[in-house]
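All heavy atoms count here, side chains included; hydrogens, waters and symmetry mates do not.
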Amino acid sequence: PILYSYFRSSCSWRVRIALALKGISYDLVPVNLIKDGGQQFSAEFKALNPMQQVPALQIDGITLSQSLAIINYLEETHPNPRLLPQDPKKRAQVRMIADHIASGIQPLQNLSVLKQMGEKKMEWAQNCITTGFQALEQILQHTAGRYCVGDEVSMADLCLVPQVANADRFKVDMRPYPTITRINKALLELEAFKISHPSRQPDTPAELRA
């Protein structure tokens with residue numbers, strides 16, 4: 001497999017965690033979203049992913065984009081360890097939380113949106129994350145065990161950790177979100193989350209390396 005990734009991309013990070021958890025080795029091709037006006041806009045990368053976004057994963061003779069679609073494919077082809085619970089209710093909760101983050105928070109504060117916000121980008125990002133986290137904290141109070149849904153790592157957790165990292169980057173006050181903070185801390189102790197961390201990628205700038 002070949003993963004086209006950017007060290008700081010939260011969508012890429014989700015996929016790196018999934019690959020690490022499932023023990024799938026891969027080659028990484030960095031796509032710098034800032035350098036050269038954004039390497040994702042090159043003709044070569046557009047041919048690979050017409051949406052001109054990372055991640056993209058070449059695997060089993062196909063090319064997949066969209067992080068949750070990639071994770072679902074990995075789940076179906078490499079079922080262990082399981083990232084979607086067998087219980088239909090818990091499975092729905094995992095997908096709900098993953099969608100809440102992947103559709104309701106992250107796209108509103110990604111690079112392409114922030115570029116259009118100009119001087120207000122920090123305020124915009126903080127508002128988007130705060131609104132999303134207020135709802136997420138409430139949801140997690142009903143679903144969480146050690147992790148987002150019960151005591152098993154799920155696709156929801158793969159979305160949570162990169163989003164908390166974004167919150168830190170945009171200086172969001174995390175004190176109102178004790179459940180999110182607790183789960184995030186527990187997840188960052190797991191090896192798959194450590195090795196996939198933005199501070200430990202081949203394309204991480206020297207000053208940001210762990």
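- For the pair Val153 and Leu83, the tightest heavy-atom approach, listed with the atom from each and the gap, is O-CD2, 4.0 Å.
- Proximity of a side-chain donor or acceptor of Glu75 to a complementary backbone N or O of Leu84 within less than 3.5 Å is detected.
- One finds the CE atom of Met155 at 7.0 Å from the CG atom of Asp99 (value rounded to the nearest 0.5 Å).
- Taking SG of Cys159 as the start and CD1 of Ile97 as the end, the distance is 9.5 Å to the nearest 0.5 Å.
- When every heavy atom of Met122 is checked against every heavy atom of Phe170, the shortest pair comes out as SD-O, 3.4 Å.
- Put simply, the side chain of Ser154 reaches to within 4.5 Å of the side chain of Asp157, judged on heavy atoms.
- Between atom OH of residue Tyr6 and atom CD of residue Gln53 there is a gap of 15.0 Å, rounded to the nearest 0.5 Å.
- Side-chain atoms of Thr179 do not come within 3.5 Å of backbone N or O of Glu137 as any donor-acceptor pair.
- The distance from the CD1 atom of Ile17 to the NE2 atom of His197 is 9.5 Å, given to the nearest 0.5 Å.
- At least one side-chain heavy atom of Cys148 sits less than 4.5 Å from a side-chain heavy atom of Leu140.
- Looking at heavy atoms from C-beta onward, His142 lies out of side-chain contact with Gln93 at the 4.5 angstrom threshold.
- When side chains are defined from C-beta on, Pro205 counts as touching Phe7, because their heavy atoms get closer than 4.5 Å.
- Between Lys35 and Asn32, the closest heavy-atom pair is N-OD1, 2.8 Å.
- Residues Leu187 and Leu160 approach most closely at CD1-CD2, 4.2 Å, considering heavy atoms.
- Checked by atom type, the side-chain pair Asp36/Gln39 shows a donor-acceptor distance below 3.5 Å.
- No donor-acceptor distance shorter than 3.5 angstrom exists from the side chain of Gln106 to the backbone of Cys11, with no hydrogens or angles considered.
- Atom CD of Gln138 is surrounded by 12 or fewer heavy atoms from other residues, nucleotides or ligands within 6.0 Å.
- Without hydrogens or angle criteria, Asn110 side chain to Val113 main chain gives a donor-acceptor distance under 3.5 Å.
- Taking each heavy atom of Asn49 and Ala56 in turn, the nearest pair found is CB-CB, 4.5 Å.
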Given Leu28 and Tyr26, is the side chain to side chain contact (heavy atoms under 4.5 Å, CB included) satisfied, shown in steps?
CA-CA 6 Å; Leu28 190 139; Tyr26 60 94; 4.0 Å; yes

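- A distance-only check finds no donor-acceptor pair linking the side chain of Arg95 to the backbone of Ala156 [under 3.5 Å].
- With hydrogens and angles disregarded, a donor-acceptor distance shorter than 3.5 Å links the side chain of Thr204 to the backbone of Gln201.
- Annotation: Glu119, atom CD; neighbour count of heavy atoms from other residues, nucleotides and ligands within 6.0 Å does not exceed 12.
- Once rounded to the nearest 0.5 Å, the distance linking CZ of Arg16 with OG of Ser5 reads 4.0 Å.
- Side chain of Arg14 to main chain of Leu158: no donor-acceptor pair is present (N/O by atom type, distance under 3.5 Å, no hydrogens or angles).
- Atom-to-atom distance recorded for Asp173:CG and Phe133:CZ is 12.0 Å, nearest 0.5 angstrom.
- Contact detail for Gln40 and Leu33: the closest heavy-atom pair is OE1-CA, 3.3 Å.
- No side-chain heavy atom of Tyr177 sits under 4.5 Å from any side-chain heavy atom of Leu136.
- Annotation: side chain of Leu208 is not in contact with side chain of Pro198 (no heavy-atom distance under 4.5 Å).
- No more than 12 heavy atoms of other residues, nucleotides or ligands lie within 6.0 Å of CD in Gln86, so this atom counts as exposed by the packing criterion.
- Side-chain atoms of Ile59 and Leu74, non-hydrogen and from C-beta on, do get closer than 4.5 Å to each other.
- Between the side chain of Lys22 and the backbone N or O of His78, at least one donor-acceptor pair lies under 3.5 Å.
- Surrounding NZ of Lys194 are more than 12 heavy atoms belonging to other residues, nucleotides or ligands, all under 6.0 Å away.
- Between the side chain of Trp13 and the main chain of Ser196, a donor-acceptor pair closer than 3.5 Å is present.
- Contact check on Lys89 versus Asp87 returns no salt bridge, with no Lys/Arg side-chain nitrogen under 4.0 Å from an Asp/Glu carboxylate oxygen.
- Salt-bridge formation is not detected for the pair Glu152/Arg146: no Lys NZ or Arg NE/NH1/NH2 atom is positioned less than 4.0 Å from an Asp or Glu carboxylate oxygen.
- Looking only at side-chain heavy atoms (C-beta outward), Leu111 and Ile34 come within less than 4.5 Å of each other.
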